[in-house]
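Have a look at the structure below before the remarks.
Everything numeric in this text was worked out from a predicted model, so none of it was measured.
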Amino acid sequence: MTPTEAIEYIHSRLTFGIHPGMERIEALRQQYLNTRVDMDVYNAKYVTEGFKETEGQPWILQKATGYARTCEKKQIYIQDHELLVGGVGFKPRAGILNPDSASGVIEKEVDTISTRPFDPFYLSEEGKKIYLEEVKDYWKNKCVLDRWRLMAPKDMETLRTNGIIFIDRKAVRGYGETTVDWRRLLKVGIGGIKKEAEAALAKLDDAVPGDLEKSFFYRAEIMVADAVIHLAHRHAELAEQKAAECADPVRKAELLKIAEVCRWVPEHPARTFYEACQSILSYEYACYMEQNASSYNLGRLDQYLYPYYKADKAAGILTDDDAQELLDCLFVKFNDKNKVRDDISAQAFAGYQMFELIALGGTDEEGNDLTNEMSYMCLDALAHVGMPMPSVGSRIGNQTPDEFLYRNIEVIRLGYGMPNLFNDEVIIPAMVNRGIPLRVARTYNPSGCVEPDIAHKYDGWHDACAFNVAKVMDITLNNGRAFGDQIGPKTGEITEFTCIEDFINAFEKQMEFFVRNMVEADNCIDTAHGDLVPLPFESGLIEGCIEKGKSVQEGGAIWNFSGPQGVGIIDAGDCLYSIQKNVFEDHKFTLAELKEALE
């Protein structure tokens, strides 16, 4: 295909992508845009009630009890025009507070979070009362945020206040940044996961060391599975109630269809494209209900949905327009949740971003291209909806069809900043270098912002800390000092250095010192999450957890990584090169003059 032919093909696809249901999609978009972002503290109230009722029981069972209480009591809704239903909070676009993670994250913002300049969340007077009287005090020194602050190394605060690390993100919220086994969800349903946990529980012997602890995990897994199934059935009942009150025969039929679908999924295996979309949405919402996090990635959505699309078309029960309308509705609904951040984090990540990534295209384990009709339809959904979520990325490699690459470029031209393009020829070898087998690396999906992920096999924790490499270079130039205080090792005054190697050696010593401190602080957060926020629901679709009888946070996944991010790396490199060039090669100024300028 020539470039000209490819462009003509693109325009034909754009025209083909417009479907009769676009009026519905625009109505859903307007509903979203006209909905105020609220703070949901009812979730925290229900979780707290569950913990109080089970005081003294294993923490994971208390967590499961609080979660089940939320699924039972939370306010649910079905909006006009919706074909796919559910939500994380008590209303559309609400952000929840998970008290076991960070109850105190809003304590100082109770009176300002509604009006703060970045990502405000409206907190009603009733909400303030509930938080202050029924939630806040119970979690003092119990939640992850408080426990982390108590156990963190003494040097951590020095690193934070001097701008070397920004590490609070995983303490003021949950982890997220993982991709569950969506294929398994669609294949066995939550009911199937529950049966696996029941079978594993039945094999245990509490007299065997370790089995008692495993039994806590399996019991929690069964509890949360039942809870989410119950929540789906509540939505079915609400749809039936609304149908009984509806005079419009078309909408009445849609509501009855919603009820039928929610009676079946996510409890059972999906049988149709419609059910697959609803099952994925229900599980996604349920994960976010379990912890206030970001980046529960949808993974390779085009691959999961494609078999249902093909089967339904072959059976004559689905047209391309039907499929596109459902896909567009799904994309809109992915925006119907928000993550609560503290004021400082909100300034850095303004825009109510959830960073849940979809990966399109790419290869199978053998390296064969998997681009399909659903890959193009997901790009069409992005073009139609034009909303922040989901983040959409396309895997591009030597095997990618030209028309798919050009189609991506056309959508990028719309100005949404998506899709992101991920280079398979770089990412796959890089993952192999990390120890991921080649066949597995070929199946990666992007996660969160841009991090490569292996679906359902590990807890990525990609956002563990932002480490300021440029600041460490600045400290190196000042012999371990920052703002006049000696916070790093003494590695020599720069006036004593005779070559660039002296700078590099000093910089490496400073890096070793500060990285070690960062790792200690990260390990404290990791330990706190493992002890205080085990997530049985998420863990049900992470490989290794049911086999080991451990949650992801306790080390149940196949692999567990931490991902601190180095920032200012280029600045540090530029600094070294500038010194080498201007001082040691061109002799434009001396080290004494450089020191004087820095001071």
Does the side chain of Phe334 come within less than 4.5 Å of Met387's, by heavy atoms?
no
Flag the pair Lys257 and Glu254 as a salt bridge only when some basic side-chain nitrogen lies within less than 4.0 angstrom of an acidic carboxylate oxygen.
no
Side-chain donor-acceptor pair present, Asp369, Thr371, cut-off under 3.5 Å:
yes
Lys/Arg-Asp/Glu bridge criterion (N-O < 4.0 Å) met for Lys313, Glu373
no
Is there side-chain contact between Ile542 and Val180, with heavy atoms separated by less than 4.5 Å?
yes
Does a side-chain N-to-carboxylate-O contact under 4.0 Å join Arg407 and Glu410?
no
Would you please say whether a donor-acceptor pair under 3.5 Å links the side chains of Tyr352 and Asn335?
no
State, without any angle test, whether Gln79 and Tyr32 hold a side-chain donor-acceptor pair at a distance under 3.5 Å.
no
Lys/Arg-Asp/Glu bridge criterion (N-O < 4.0 Å) met for Glu82, Lys242:
no
Taking salt bridge (charged side-chain N to carboxylate O under 4.0 Å, His left out) as the test, write out the residues that go with Lys195, two or more places apart.
none
Answer yes or no: is there a side-chain heavy-atom contact under 4.5 Å between Leu238 and Ile258?
no
Please tell me if the side chains of Leu84 and Tyr274 come closer than 4.5 Å, counting only heavy atoms from C-beta onward.
yes
Between Leu357 and Asp453, is there a side-chain heavy-atom distance shorter than 4.5 Å?
no
What I want to check is whether the side chains of Gln31 and Thr35 have a donor and an acceptor closer together than 3.5 Å.
no
By salt bridge (charged side-chain N to carboxylate O under 4.0 Å, His left out) - contacts of Arg434 (at least two apart):
none
